[in-house]
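Following: one structure in C-alpha cells, then a few remarks.
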2 protein chains.
Amino acid sequence: MSEKVSSRKQQVRAVDVARHAGVSRVSVSRTFTPGASVSASTRAKVLKSAEILGYHVNRLASSLNRSESGIVALIAAEIETPHRATMIAELSEKLQAAGKVTMLINTSGYEERVQDALLQAISFRTEAAIILSGAPDPSLADTCFSNGMKLVLINREEDFPGSLQIGPDNKAAGRTAFNALLRAGCQRIALSNSSNATSGILEREEGFLEAAVEAGVNVICEVAGVTSYKAGLEIGTRLMDREDRPDGVFCTTDLIACGVIDAARQRFGLRTPEDLSVIGFDNIPQAEWEGYNLTTFAQPTDLIIDKCLEWCTTQQPSTEAVKLPARFVWRNSVQKVLVAQSQ
Amino acid sequence: MSEKVSSRKQQVRAVDVARHAGVSRVSVSRTFTPGASVSASTRAKVLKSAEILGYHVNRLASSLNRSESGIVALIAAEIETPHRATMIAELSEKLQAAGKVTMLINTSGYEERVQDALLQAISFRTEAAIILSGAPDPSLADTCFSNGMKLVLINREEDFPGSLQIGPDNKAAGRTAFNALLRAGCQRIALSNSSNATSGILEREEGFLEAAVEAGVNVICEVAGVTSYKAGLEIGTRLMDREDRPDGVFCTTDLIACGVIDAARQRFGLRTPEDLSVIGFDNIPQAEWEGYNLTTFAQPTDLIIDKCLEWCTTQQPSTEAVKLPARFVWRNSVQKVLVAQSQ
DNA sequence: TTGAAAGCGCTAACAG
DNA sequence: CTGTTAGCGCTTTCAA
C-alpha cells in the first residue's frame with residue numbers, strides 16, 4: 001500500500017551485498033578491487049551474494065572517487081570510410097584489451113564539433129583523447145592538460161605542444177611513389193589529390209612533387225572534390241580526357257585511386273597497369289580486391305596504435321612528434337619494368 | 001615549501017567557481033542545469049568565473065547523482081566492414097545529435113566478449129545497449145532491465161523478451177531477389193552465402209529458396225567462409241567452374257557479391273550483367289562504384305536508427321519486434337529484360 | 001531566487 | 001584481514 005514504485009532506477013548497491021553477506025560494505029569493495037586484501041572466505045561470501053542479488057560495481061561512482069575514469073575518447077569524422085573505420089576498429093579493440101573503455105565521438109558535419117567533442121571528453125574526465133579528424137583549439141587543449149588528460153593527434157601536421165602527434169611519413173612515401181612511377185618507365189606522370197585534403201595528405205603531394213623537381217620531370221596535377229571515390233572518378237575522367245593523357249598516376253588515397261582506375265576502365269576502356277600505372281595510399285581492404293589489385297602504401301597502423309596506447313598510459317605529459325615509415329605494398333597496378341634496372 | 005605537488009589530478013570544482021564568483025556552489029550547479037532557476041546576474045557571474053578558471057561540469061559526478069549517465073553502448077564486431085561501419089557512423093552521429101554519448105564496445109574475437117561488453121555497459125550504467133553482433137545471455141539481460149537499461153538487437157532473429165528487435169525484412173528481400181532473377185530471364189539461378197551466416201542473413205537465403213520452390217525452380221547453392229569479400233571470391237570461382245555455370249546469382253551480402261563479380265571478371269573473363277546477373281544485399285558504398293554497379297537492397301538504416309533512438313529515450317520497457325522493408329536498388333548488375341513483361 | 005543540509009555509490013586512509 | 005570514518009563532485013530536497 002504505502003510501497004510506492006519509485007520512478008528512480010533501483011540498483012543493487014554494495015551495501016545491499018554487504019548486508020546479504022554479513023560483512024561490511026568495504027569488504028565488498030575490496031572483493032572487486034584487484035589486489036586488495038580480503039580473506040578467501042569473505043571473498044567467497046561476497047561473490048555469492050553479489051551473484052544472487054545481481055550486483056555490479058558502479059563505475060561512475062568508482063571513477064569519481066578514484067578520479068580515474070578509464071575512458072579514452074576517439075574523435076573522428078567520416079568514420080564509415082574504409083581507412084578510418086579500420087583505424088577505429090583496431091584502436092577500440094586494443095583499447096578494450098588494455099582495459100580501457102572507448103567513447104566514440106563522431107564529428108561529421110560542421111567543423112566546430114571538434115570543440116564540442118573535446119568538451120564532452122573533458123566533462124567525462126576522459127583519460128585521453130585521440131583525434132583522428134580536425135584540430136582542437138589550443139586553449140581548450142590546456143584545459144585538457146590541466147585535467148590530466150592526454151592528447152594524441154593522428155596524421156595531422158599541425159604541431160601541438162603537450163600532445164603526441166603521430167602518423168606515417170607521408171613525405172617519404174610521396175617521394176617513393178614518384179620514383180616507382182619513374183622507374184616503371186612512365187612517360188607522363190600525374191598526381192591526383194582532393195582539393196580538400198588534410199595536412200597529412202598534402203605532405204604526400206609535397207614529397208611527390210619534390211622528387212619530381214629533383215628528377216627534372218613535369219607533373220600533371222589534377223585535383224577535385226573531397227577525399228573520396230567520387231572525386232577519384234572525376235579526376236580520373238579529366239585525366240584520361242587530356243591531350244597528354246598520363247600513363248602513371250599517384251593518388252593520395254586509395255579511395256581516389258579506385259575512382260581513377262574505374263574511370264579509366266569503365267569510361268575509357270583502359271586497363272591497369274597496361275595503359276595506366278596507379279599508386280595509392282592507405283592500403284584499404286578494397287586495394288586488395290582483384291578488381292583493383294592496387295599498389296599502395298600500408299599505414300603503419302599497428303605501430304601508431306601501440307604508440308598511442310603507450311602514450312595514453314604513460315605518466316609524464318610532454319610533446320612528441322613521431323613519423324613512422326609507410327610500407328610500400330607491391331601489387332599489380334604498376335607496369336612491371338621490362339628492362340634490367342640500371343646499375 | 002610545504003606546497004606539495006599532488007600527483008592526484010587537480011580539477012576545478014564547482015566550489016572553486018562559487019568562491020571566485022561569490023555565490024554558493026548550488027548556484028553554480030544551477031547555472032549549468034538547463035531549466036534551473038538562477039537570476040541573470042548570478043548566472044553571468046558564474047559563467048564568467050567558470051570561464052576564467054576553466055571549469056567544466058564533472059559528468060561522472062552528475063551522472064552518479066542523477067542516476068542518468070546519458071551513455072548508450074554500441075556493441076559490435078568487425079566494425080571495419082562497410083555496412084557495419086556505416087551503421088555505426090550513422091548511429092553515433094544521431095546519438096550525438098540527441099545529446100547522448102556513445103560508448104563503442106568492439107567484440108571482435110571470441111564470442112564471449114558479448115557478455116563482457118554487456119557487463120561493461122552495466123557497470124557504466126549505460127541507458128541502453130544496441131547490439132549489432134552476437135546475442136546476449138538472457139540472465140544478463142535481466143540485470144540490464146533491472147538497472148533500467150534498454151536493449152536493442154539489430155538484425156538478429158532470436159526473440160528476446162524485453163528488448164527491441166529490429167532489422168530489414170530479410171525474407172521478403174530474398175523472395176524479391178529470386179523473382180527479379182527469374183524475370184530477368186536467368187536460366188540457371190544460384191545462391192551464394194557464407195557458411196557462417198548470422199540468423200538475419202540466413203533469412204535472406206530462406207526467402208530466396210522459398211520463392212524458388214514456389215516457382216518450381218532448382219537453385220544452385222554455393223556456400224563458403226565467413227561473410228566477406230574473400231568468401232565471395234571463392235564462391236564465385238566455384239560457381240563459374242561448374243558444368244552448369246549459373247547465369248544469375250543472389251549473394252546474401254554485397255561484400256560476397258563484389259567477390260563473385262570479381263571472380264567472374266578477373267578469373268574467367270565474364271562480364272556482369274551480360275554473362276552473369278548478380279544481386280547483393282546491404283547497399284554498401286562499393287555497390288555504387290562503377291566497377292560493380294551492383295543491384296542490391298538498401299538496408300532501411302534511417303528508419304532502424306530512428307526507431308532505436310525512440311526506443312532508447314522512451315520510458316516503458318517492453319518487447320517489440322520490427323521488420324522494415326529493404327528498398328530494392330536497381331543498378332546495372334542484372335540483365336535487362338528484353339521481352340515485354342508478361343501480363 | 002538563493003543557500004544549507006543530505007546523499008548519489010563508491011574507495012582511500014586509518015586504526016584495530 | 002577487517003571495519004570505521006571521511007571524502008570524490010555533484011544535485012536535490014527543503015527552508016528562507
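Atoms considered below: every heavy atom in the structure, side chains included; atoms not considered: hydrogens, waters and symmetry mates. Lettering of chains follows the sequences in order, A, B, ..., and the numbering in each one begins at 1.
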Subject >> Check ion pair A:Glu127-A:Lys100 (N to O, under 4.0 angstrom) >> reply: yes
Subject >> Side chain of B:Leu64 (C-beta onward), nearest among C:dA13, C:dG3, C:dG9 >> reply: C:dG9
Original post:
For the pair made of CG in A:Leu53 and C1' in C:dG9, what is the distance, rounded to whole Å?
Top reply: 16 Å
Original post:
Could you state the CG-C1' distance from B:Asn58 to C:dC10, rounded to the nearest angstrom?
Top reply: 14 Å
**OP:** Determine: side-chain N/O of A:Ser29 to OP1/OP2 of C:dG9, distance under 4.0 Å, yes or no.
**Re:** no
Original post:
Do B:Arg19 and B:Asp16 sit within salt-bridge range, that is, some charged N less than 4.0 Å from a carboxylate O?
Top reply: yes
Original post:
What is the distance from NE2 of A:His56 to P of C:dG9, rounded to the nearest Å?
Top reply: 15 Å
Original post:
With a 4.0 Å cut-off on heavy atoms, is A:Ser37 in touch with a base, just the backbone sugar-phosphate, or nothing at all?
Top reply: base
Original post:
Between A:Ser63 and C:dC10, is there a side-chain N or O to OP1/OP2 distance below 4.0 Å?
Top reply: no
Subject >> Distance in angstrom units between A:Phe124 CZ and D:dC8 P, rounded >> reply: 21 Å
Original post:
Starting at CZ of A:Arg25 and ending at P of C:dG7, how long is that distance when rounded to a whole Å?
Top reply: 12 Å
Original post:
Touch check for A:Thr42, heavy atoms < 4.0 angstrom, all strands: base, sugar-phosphate only, or nothing?
Top reply: sugar-phosphate
**OP:** With heavy atoms under 4.0 Å as the rule, sort A:Val38 into base, sugar-phosphate or nothing.
**Re:** sugar-phosphate
Original post:
Can you tell me if B:Gln11 and A:Arg125 form a side-chain donor-acceptor pair at under 3.5 Å?
Top reply: yes
Subject >> Rounded distance in Å - CZ (B:Arg43) to C1' (C:dT2) >> reply: 15 Å
**OP:** Write down the distance between CZ (B:Arg125) and P (C:dC10), rounded to a whole number of angstrom.
**Re:** 7 Å
Original post:
What is the distance from CG of A:Asn65 to P of C:dG7, rounded to the nearest Å?
Top reply: 18 Å
**OP:** May I ask you to say what A:Phe32 touches in the nucleic acid, namely base, sugar-phosphate or nothing, with a heavy-atom cut-off under 4.0 Å?
**Re:** nothing
Original post:
Taking only side-chain nitrogens and oxygens of A:Ser62, does any of them come within less than 4.0 Å of OP1 or OP2 of C:dC10?
Top reply: no
Subject >> Euclidean distance, A:Ile305 CD1 relative to A:Leu95 CG, rounded to 0.5 Å >> reply: 9.0 Å
**OP:** Could you walk me through whether A:Ser123 and B:Asn58 pass the side chain to side chain contact (heavy atoms under 4.5 Å, CB included) test, one step at a time?
**Re:** CA-CA 5 Å; A:Ser123 56; B:Asn58 186 331; over 6 Å; no
Subject >> Any A:Ser27 side-chain N or O less than 4.0 Å from OP1/OP2 of D:dG3 >> reply: yes
Original post:
How would you label the contact of B:Arg30 with the nucleic acid (heavy atoms, under 4.0 Å): base, sugar-phosphate, or nothing?
Top reply: base
Original post:
From D:dT12, C:dT11, D:dG9, pick the nucleotide closest to the side chain of B:Gln11?
Top reply: D:dG9
**OP:** May I ask you to verify if any side-chain N or O of A:Arg66 is less than 4.0 angstrom from the OP1 or OP2 atom of C:dT11?
**Re:** no
